[in-house]
Amino acid sequence: MSGPQHDPSLYTHRDTVPVTRALISVSDKTGLVPFVQALAAAGVEIVSTGSTAKTIAEAGVEVTEVSSVTGFPESLDGRVKTLHPGVHAGILADLRLESHRHQLEQLGIRGFDLVVVNLYPFRETVASGAASDAVIEQIDIGGPALVRASAKNFANVAIVVSPDRYTDIEAALAAGGTALDVRRRLAAEAFAHTASYDTAVAAWFAEQLASGDAATIADGGVTDAAAGFPTSLHVDADRAATLRYGENSHQQAAIYTRTDGRGIAQAIQLHGKEMSYNNYVDADAAVRAAFDFAEPAVAIIKHANPCGIAVADPDAADAIASAHAKAHACDPVSAYGGVIAANRTVTIAMAETVKDIFTEVLVAPAFDDDALELLQTKKNLRLLTLPEGYAREGVELRQISGGFLAQSPDTFDGLDRSAWTLVSGEAADEATLDDLEFAWKACRSVKSNAILLAHDGASVGVGMGQVNRVDSCHLAVTRAGDRAAGSVAASDAFFPFADGLEVLLDAGVAAVVQPGGSVRDAEVIEAAQKAGVTMYFTGERHFFH
Ligand SMILES: NC(=O)c1ncn([C@@H]2O[C@H](COP(=O)(O)O)[C@@H](O)[C@H]2O)c1NC=O
């Protein structure tokens, strides 16, 4: 083991460390000028890099260029500025140790007690769609080295990685220096910051490799480009909030948001109580369901399953209100306390109906002003707007014990009902086909085994989450009641036997859509034919677990 750690008696105690010399190197210059003015007023010597030093000097604050500390010019287009023993020994010297103090003196190096760094805007550069070389140039090397060195030496150095902390340092100046517990917290924040930064860099490299750019890079087995999944997973997400509790009140919970995400985690809450863990789960399911449709659509979710889902003609007056009314009519009992997602702006007409129904969450791309005003009178209703360009994740992750499962999302990209195979009865007319297509899509939002009965662009009976398909059929038919007769039915996966289908046929279902593919398809088709009912095979399954 290197270092003198074997002898704790060598370390003197340092609680409050006066701020006398600061190294400042920041890409984001927010709040920099008033901050350095405060440092200068407190008599702190400031050493700084290139454009940071320029900004400080232009504000009339005295500053020493880092090149005069290192005796080496900033070079290679800024790739080398602070990477020098004259800087790093000044940061890493543990001034609690006599030996380090002695060596610094011998080397003629002065220590830093405050380091202020924020890193090159790597993520923003990636998001701007910049070319690969430009992105690579924004991988900060010297900055993270400064941050990590300072954080390691928090016993002597305070490290600041965000302008949000400037006021804390100003308060410390007034108190005579930085306290040990503050420096320790800043160090923890600093290591989290560099870890997150490197995660973003690693994820970008992995994406480059997985997206086929591997050909231009010596792969060395780093990725299996054919599978499209990187060989290691880097999840980069910040804790946005701790939640009151998890799925149950004895569980603790938090929400983490991805910097580049555009989903429910990024939704803005306009009104109502704090979102709960279950609210997020249900809101995610609701949005996922509503956004499967191009036409105005509303999904009402309870316990991650739809208890109503409907679309409306885009040309109809107040289409979104109509979609909501149709979705609610599916199962008004279950819709009590539900989570609603609309894929269009919420209008006053929709707000007027929602207002009278106990609803936990309503999420939409936007709200008309009068609709928002009305809904804000409901104190228990949470109102959320989705981020612009709402999009599901490109790779869906699910945690299992000891690891993660990853898959591409289940979508209806390229859905072409003309490619469905008619296996029983007459070819359906356009209106029936529209309903079959609606049922097929809506069924995908229902947990397996899923059976969904629909009529006129609205679910009328949903059988969800049963451990056999016959029970799901019974449930859908029971929930639909009189509405089962003449409705269309969708099944998320094939009928393994004719029994489930027979439940639907007995209830008077007029047409069925399902993937097909059972070894007993012949038996199932025969049952449909015997009843004279139209049945299509899609050839594609949409399990949702
Ligand atoms: N190369 C180095 O030695 C180096 N030292 C600090 N930086 C970064 O340079 C930026 C500030 O540069 P400037 O003051 O020129 O705007 C900071 O984001 C800092 O993280 C460096 N740049 C990148 O690696």
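- Annotation for E373: atom CD does not count as buried by contact number, only 12 or fewer foreign heavy atoms lying within 6.0 Å.
- Looking at T194 and D198, their side chains never come closer than 4.5 Å, going by heavy atoms from C-beta outward.
- At most 12 non-hydrogen atoms from other residues, nucleotides or ligands lie less than 6.0 angstrom from CZ of F72.
- For E393, the salt bridge (Lys or Arg N to Asp or Glu O under 4.0 Å) partners are R258, not counting sequence neighbours.
- Between L119 and P144 there is a side-chain heavy-atom pair separated by less than 4.5 Å.
- In this view, T20 and D113 satisfy the side chain to side chain donor-acceptor pair (under 3.5 Å) rule, not counting sequence neighbours.
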Chi angles and distances behind the side-chain contact (heavy atoms from CB on, under 4.5 Å) call for V298, V311: CA-CA 7 Å; V298 168; V311 294; over 6 Å; no
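- Partners of R96 according to the side chain to side chain donor-acceptor pair (under 3.5 Å) rule, which considers only residues two or more places apart in sequence or in another chain, are D94.
- Pairs engaging residues 381-410 under the ring pair (Phe, Tyr, Trp, His ring centres under 6.0 Å) rule: F291-Y390 [sequence neighbours left out].
- No donor-acceptor distance shorter than 3.5 angstrom exists from the side chain of K302 to the backbone of G338, with no hydrogens or angles considered.
- Of the possible polar contacts, one joining the N153 side chain to the A93 backbone as a donor-acceptor pair under 3.5 Å is found.
- Other residues, nucleotides and ligands contribute at most 12 non-hydrogen atoms within 6.0 Å of the CG atom of D369.
- Among all heavy-atom pairs drawn from S48 and A53, the shortest one is OG-N, 3.2 Å.
- Scanning for ring-ring contact (aromatic ring centres under 6.0 Å, His included) contacts around Y245 gives an empty result, with sequence neighbours left out.
- Within 6.0 Å of the NE2 atom in H303, the count of heavy atoms belonging to other residues, nucleotides or ligands does not exceed 12.
- In this structure E388 satisfies the side chain to side chain donor-acceptor pair (under 3.5 Å) test with no other residue, sequence neighbours excluded.
- Using a distance-only test at 3.5 Å, with no hydrogens or angles considered, a donor-acceptor pair links the side chain of R21 to the main chain of R110.
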Given R165 and D168, is the salt bridge (Lys or Arg N to Asp or Glu O under 4.0 Å) satisfied, shown in steps? CA-CA 5 Å; R165 293 282 171 261; D168 296 343; 3.7 Å; yes
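- Summarising the geometry of V157 relative to S150, their closest heavy-atom pair is CG1-CB, 3.8 Å, with the distance given to 0.1 Å.
- With hydrogens and angles disregarded, a donor-acceptor distance shorter than 3.5 Å links the side chain of Q251 to the backbone of N248.
- Proximity of L381 to L383: side-chain heavy atoms (C-beta onward) are separated by under 4.5 Å at one or more points.
- Judged as a side-chain hydrogen bond (donor to acceptor under 3.5 Å, both in side chains), the pairs with a partner in residues 284-300 (not counting sequence neighbours) are, in order, D292-R444.
- Side chain of Q269 to backbone of G272: a donor-acceptor contact under 3.5 angstrom is found.
- The pair E274-R244 does not count as a salt bridge, with every side-chain nitrogen at least 4.0 angstrom from each carboxylate oxygen.
- Within a 6.0 Å sphere centred on CZ of R148, other residues, nucleotides and ligands contribute 12 heavy atoms or fewer.
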Show, in sequence, the C-alpha distance, side-chain angles and deciding distance for I169 and L186, and conclude whether the side-chain contact (heavy atoms from CB on, under 4.5 Å) test is met. CA-CA 11 Å; I169 298 299; L186 290 171; 4.2 Å; yes
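- To the nearest 0.5 angstrom, L114 atom CG is 10.0 Å from F112 atom CZ.
- Put simply, the side chain of I357 does not reach to within 4.5 Å of the side chain of Y336, judged on heavy atoms.
- Atom CG of D15 has more than 12 heavy atoms from other residues, nucleotides or ligands within 6.0 Å.
- The CG atom of L83 sits 7.5 Å away from the CG atom of L146 when rounded to the nearest 0.5 Å.
- Here the straight-line distance linking atom CZ of R239 with atom OG1 of T257 works out to 11.5 Å at 0.5 Å rounding.
- Using modelled atom types, one finds no donor on one side chain facing an acceptor on the other under 3.5 Å when comparing T347 with D368.
- N278 and S276 share no donor-acceptor pair across their side chains, judged by distance under 3.5 Å alone.
- A donor-acceptor contact shorter than 3.5 Å links the side chain of N156 to the backbone of L95.
- How far CZ of F154 is from CZ of F191: 9.5 Å, rounded to the nearest 0.5 Å.
- Residue pairs meeting the side-chain hydrogen bond (donor to acceptor under 3.5 Å, both in side chains) criterion with at least one member in residues 64-74, sequence neighbours excluded, do not occur.
- Residues H193 and I159 form no side-chain contact, since every pair of their non-hydrogen atoms from C-beta on lies 4.5 Å or further apart.
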Show your working on salt bridge (Lys or Arg N to Asp or Glu O under 4.0 Å) between E352 and K355 and close with a plain yes or no. CA-CA 5 Å; E352 267 159 2; K355 166 179 89 44; over 6 Å; no
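- Checked by atom type, the side-chain pair S196/R123 shows a donor-acceptor distance below 3.5 Å.
- Looking only at side-chain heavy atoms (C-beta outward), V363 and T385 stay at 4.5 Å or farther from each other.
- Of all heavy-atom pairs spanning S132 and W204, the tightest one is OG-CH2, 3.7 Å.
- Side chain of R382 to backbone of L362: no donor-acceptor contact under 3.5 angstrom is found.
- The ring pair (Phe, Tyr, Trp, His ring centres under 6.0 Å) analysis of residues 21-44, with sequence neighbours excluded, yields the pairs F35-Y166.
- Atom CG of L405 has more than 12 neighbouring heavy atoms from other residues, nucleotides or ligands inside a 6.0 Å radius.
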Side-chain donor-acceptor pairs under 3.5 Å in residues 54-63, sequence neighbours left out?
from, atom 1, to, atom 2, distance (Å)
K54, NZ, E58, OE2, 3.4
T55, OG1, S51, O, 2.8

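- Annotation: side chain of I139 is in contact with side chain of F205 (closest heavy-atom distance under 4.5 Å).
- Applying the side chain to side chain donor-acceptor pair (under 3.5 Å) test to N380 and every residue at least two apart in sequence or in another chain returns nothing.
- Using modelled atom types, one side-chain atom of N343 and one backbone atom of A297 make a donor-acceptor pair closer than 3.5 Å.
- Taken to the nearest 0.5 Å, the CD atom of E360 stands 9.5 Å off from the CE atom of M275.
- Rounded to the nearest 0.5 Å, atoms CG (L180) and OG1 (T16) are 8.5 Å apart.
- By the neighbour-count criterion of 12 heavy atoms within 6.0 Å, atom NE2 of H250 is densely surrounded, having more than that number from other residues, nucleotides or ligands.
- Side-chain N or O atoms of N118 include none that pairs as donor or acceptor with a backbone N or O of V26 at under 3.5 Å.
- Two residues are said to be in side-chain contact when any heavy atoms from C-beta on lie closer than 4.5 Å; V33 and Q37 meet this criterion.
- Shown here are the salt bridge (Lys or Arg N to Asp or Glu O under 4.0 Å) partners of E137, two or more places apart in sequence or in another chain: R79.
- Judged purely by atom type and a 3.5 angstrom limit, D238 has no side-chain atom pairing as donor or acceptor with the backbone of A240.
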